[in-house]
Structures are given as C-alpha cells and as structure tokens.
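To start, the structure itself, in structure tokens.
Quick note: numbers below take in every heavy atom, side chains included, and nothing from hydrogens, waters or symmetry partners. Just so it is clear: chains get the letters A, B, ... in the order the sequence lines come, proteins before strands, and each one is counted from 1.
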Amino acid sequence: MNPEEVERLLGRVEPAPPPQPLERRVLAAGERLLNREPARRRIWGMAGVAAACLLLSVVVGRILVPRPGDPGWAPCRTGVELETHLDAALADKPPAFPTIGPSLDAYAALFHRADAVKPLPQELGWQRIPWVTNLEEAQRLARNERRPMLLWVTSDDPLGRCCGCAAGLRAGPLSREEVVRRISTEFVPAALDKNVLPGDFLKSIRGQLPQYHGLWIVSPDGKVLAGIEKRITEQSVLQTLDAGLKAFGPVAPRAVEPVDLLRGRGAGLQRDGGVSLAVIARLMHKGARDGPVAYDALHLSAQEWSAFAPPARTEGTSWTIPDGVARKFCRILSPVSDEDLTPRPEHVSQSELRATIASVEGGAAMVRLTGRWEAEHSNSEKKKVRASATAEGLVVIDLEKNAVRSFLLVAGGTYGILPELRESGAVVEWTANR
Amino acid sequence: MIAVLMPNPPSAESSDDELVGRYRSGDLDALLTLYRRYSGPLYLYACSLAGASRAEDLVQEAFVRLMSAGRDRLRETIRPFLYAIVRNLARDESRRSSVEKGHAPALALRSVSTEVDDPESRRRLEQAVAGALDRLPADQREAVVLKVYAGMTFEEIAEVVSIPQGTAISRYRYAIEKLGQLLGDQKEVT
C-alpha cells in the first residue's frame, strides 16, 4: 500500500468520543477551580517557593560545580579533537584526487556515494561569514568599528560536533544568502562555545536576555540588544538583526574576508607528520540526505597513518589495518552532531578495516578499503545509542614518493537511540594537496 | 433588547483565548466548548501514550492545568499546550511505573467512511487501523496521532514532542511506510 493510500485509509477513521463521564469530571473540576481562592495568592506562594529553590540551586551549584579559576576546573572536552575541514568550493565536486596518473573511472560509483552524503553548496553559506572564535577579539573589533556583535553561542564547538539545533542552524538559516550578507556586512560575528566563555560574561548576557544558547546581538560595552533561541528561521533571524540594529543605531557597511577557520583539516600533513581527516556524516533516507551535516575530524598520528602504507607493491597485496587505528574511525558511525551521541573507540564492539592493492599503474597504487564497525554506548541521559556501518574506500599511494596522495572512505549503516534505528551515511576525506 | 444585554453564548467559532477568558469570568459553558473542541483527539493521544485506563485522568488534568495556568504561560496556542501537558504527565507516570512500559495500547477509533456502510466492514476497518497503529514504535505512533488525528503541523509536533522539525517529519514518514506494509493485506477493507 503506498503512502497516499495509507493516509487516505487513516482519514477514514477518527478518534472515538471520550467516555461521557470524562466530560462531567472536567466540568466539575473546572467549577471547583472557579470557586477557589483568587489565583493571585497562589501565584505569590509559588513564586516564593520558586525563588527559594533557585537560591538553593545556585548555592549548591556554586559549591559542587567547579568554574574557571577554581581548583580542579577543566574544560568539558579535554582531549577530544573535534575540528574539521570542508572546502566550500569543492562541495559539489569529487574529492581532490590526482588528475594525472591512474584512471579513476572504475571508482565512479564510490564517488557518487560520497557526493550523496556531502553537503550541498547551499548548506555551506555559514562558512562564508567572517566568524571570529574569540570573545575578546570580537569585543575589540566591535569597539574599533563601532558596531554590534552577533554572538552565536552553542553548547559545544560551533565549528565541529555541537548540539543538533546548532547543526540545523548551520545548514539552515545561517546559510541563507540574505542572512550571510547581513551578518557579514553589519555585525562582528563570533561563533563561541559556551564552555569556554568567561562565566561572568555569559551570566551577564543571560541576565539581560534569558536564553540557554542561540544568537545574541550585543553592543561593544556588553548590552544585549536582541536575541533569539527558539524557532530560528531565516525570517526570525532577519527580524532579530533588524531589532538589534534598531536598538544600536546605523552602522557603516563592513567588508571583511572570511578566514577559513577549518583550514588544515582534510588536507596536508600536520607538523608532527600526522593527518587530520575530514569527517562528515548525516542521517540518510533511502540513500538521500535526511538531516543536517555533522562535521568532525579524525586525527591520526604519523605512526597510525603509516598503517595505510602497503607492505608490498604488487597487485592483490592485502593487509589489515591495526585494530587501534580502525577503532578510531568509529566517529563515522554517528550521523548526528551531538558529541554525547557519538561513540568513542572504547564503545566499539567490532571493528575491521582491510586494505588491498587493486591495481598499480602510472606510478600509483590504488588501494581498496573495506571496513565494518559496531558500537553501543549510553549517553548522559542513560539512553542506549547503537550504531553499525560498513564502508568502502580508496587510497591512492604515490609509489615514487612512498606517500599517500589521497584518501576516501564512504560508509553507510544504521544509527539510533534504541529502539529507533535510522539510516546513516558518512564520508572521510583527505588529500595531500592543501 | 434582552439579546443585547446578555453575554454572547460561546460558539464553535469563538477563539481559544476568548473561551479561556470567558471561563475565567465564570462562564462554565466556555470550558465545555473548549473541551468538546479538543477532547476527542486529545483522549486518543492520551490512550496512545498511557492506555485507556489512564487516559481519562491525563485529559482531565490537562484541562485543569489549562484553566489554572497564568496568562504568561498561555502565550502559545492552547492546542500544543494541552498535548504537551498530556505528554509530560504520561512520561512522568511511565518513569514512576514500569508496568506499562513498552505496552502498545489499543486505540479507540471509529469509522467516518460513507463508502463502507455495513457495521461489520466498519468494525473491520477500525480494527485494522487501530491494530496497525498499535504495532508501530511509540515515537512513530505518536507522530501519526498528532499529525492525522490532532491535525497538527510538523512545527507544532516538534514543539510538543521537543524534537527538531526534521525528526518529526521523518518519524511520520517512517510510520506511514510501515503502516503501508502492515495494512498491505487489508486492501479488502479499503
């Protein structure tokens, strides 16, 4: 039965009326409420209790939760590397594989699978905004240029794994042309992780406009002019920008070239000889995009990277990537942006990554990758997150230099908070050319 | 003349805000109008979350909270407010009691079709749809009930269930696909 038939069938039945006694019960309860003492007294009583609870929670929170400057304080994400890189200009093209040497025609299907996961150009507008990622720098620029700041405050790294709503914001309103233009030319835009913001500053802007995260428009001297947290659409963002500018006053147009904040990920060697592979993942539905991109990165040391070097140079040579390295690829399993919902290597129950030299031609070895992973963990809300994926990939080895030229791995599988499992897709990319 | 001096009786066209205001002024008929406007789908939703045995209490409590909520809490439209209350209450109860966890309650539906006239066919249609809905995962069943029977937009569903709008859309879509499989052998009742 097709979806239209199902919806038609569902429309042929309706909710049965609730039992008759329920109507009498509701009316009786309504009558009792009307006869009760004035609500004002009750509201004052509740307000008193709420104030006492708030005071108690602040005191207890101050004692139990270390803050910057306290002994034992540490950022939440110590040791977790979450940067990524995707070049907007390459978004709708295949990876930057070498254009000379071996023919890549045989791998068209692999590239096609990768393209189906990678972000569309219209999802990447947010990267054209000249974000700064440091509050002090944003304040300095705002003072010098006499214009308000637009602070995008997220509950994690706004440029990498962050909460789902921030990921939706990146792919949606913050990538719309008019929003990109207005933010870039009228404001000093700052993308900030609330975990590394000075506590006093966060308290100050939240005190003026209570929002957990979202967008705040703030004057150089710290006065909140406007903000938005929920139901963020292109329209509501533009309205918020208007409100902020109305409160601040007119500003001269600004022309600042965006800095590629994600440079160095997915391209080139790091100083220590390791690499930062760009990871993108997203929910899929029947092979098509079905959610915003989760941006991530996978850092391999020089030694771990060398595991992809073939032990011999003949076709058919096959080897297994060490389990410790294979496990690190578990980050491809999570198609949602939230770090809390992303498995770590210790959560992996099965992992396997094998490499085989498929051909040797033009001074290059074409290495086929095949892999599979399974992982399960409980998130901070004690919900079980299960994920599994299989992957295939291609590594091009420059035999003359004995170095990897490019790396591509495309994964597909299932992911979800049990019992709901959904289709997932991921791409891991790297190229030697920066 | 009398008609001019008497307050207008609540009608089916009166807005929700108007009805709440009238109720607070002591007009119990306004509550009755609101109840009849929302109770059917709301009761079905409560049944889908907590079973028929608890649904009446949840619906009653939702209306009580609606009537006693301050004006600031009613800035949003009333329908999502009622559904969110029912959902929160059901969730709180399921946390306290594990007895009904994972249980897919039977939904009370009645046929509105004019094409299927004989009582037996109507009964089979109602049972087929209710049975198929029962077999859906709870999240997906919730999306269908809110979309089809409460008439909500995906934006409203996302607000009630506290999920992104895209998730609401995909849950509904998965549910419809699964219902298509479950109802595939029910073509004779269609």
Taking 4.5 Å as the heavy-atom cut-off, does anything in residues 14-25 of chain A contact chain B, and if so which residues? A/E14, A/P15, A/A16, A/P17, A/P18, A/P19, A/L22, A/E23, A/R25
Apply salt bridge (Lys or Arg N to Asp or Glu O under 4.0 Å) to B/K147 and A/E7, showing your working. CA-CA 10 Å; B/K147 179 73 181 153; A/E7 287 181 326; over 6 Å; no
Would you give the length of the straight line joining atom OG of B/S170 to atom CD of A/E420, rounded to the nearest 0.5 angstrom? 7.0 Å
So which heavy atom on A/E423 is nearest to which on B/Y174, and how close? N-OH, 4.2 Å
Nearest 0.5 Å please: distance from the CG atom of B/L179 over to the CG atom of A/L9. 9.0 Å
Pair A/E4, B/I176 - check side-chain contact (heavy atoms from CB on, under 4.5 Å), show working. CA-CA 9 Å; A/E4 289 76 24; B/I176 294 295; over 6 Å; no
Give, as side chain, backbone, both or neither, the part of B/E177 having an atom under 4.5 angstrom from any heavy atom of chain A. side chain
Identify which part of B/Q165 has an atom lying under 4.5 Å from any heavy atom of chain A, answering side chain, backbone, both or neither. neither
Only heavy atoms, only distances under 4.5 angstrom. Which residues in residues 168-176 of chain A are near chain B? none
What is the minimum heavy-atom distance between A/A29 and B/V64, and which atoms define it? CB-CG2, 3.6 Å
Tell me if a side-chain donor or acceptor on B/Y23 pairs with a main-chain N or O of A/G30 at a distance below 3.5 Å. yes
Looking at A/R12 and B/E126, is there a salt bridge between them, counting it only when a charged N and a carboxylate O are closer than 4.0 Å? no
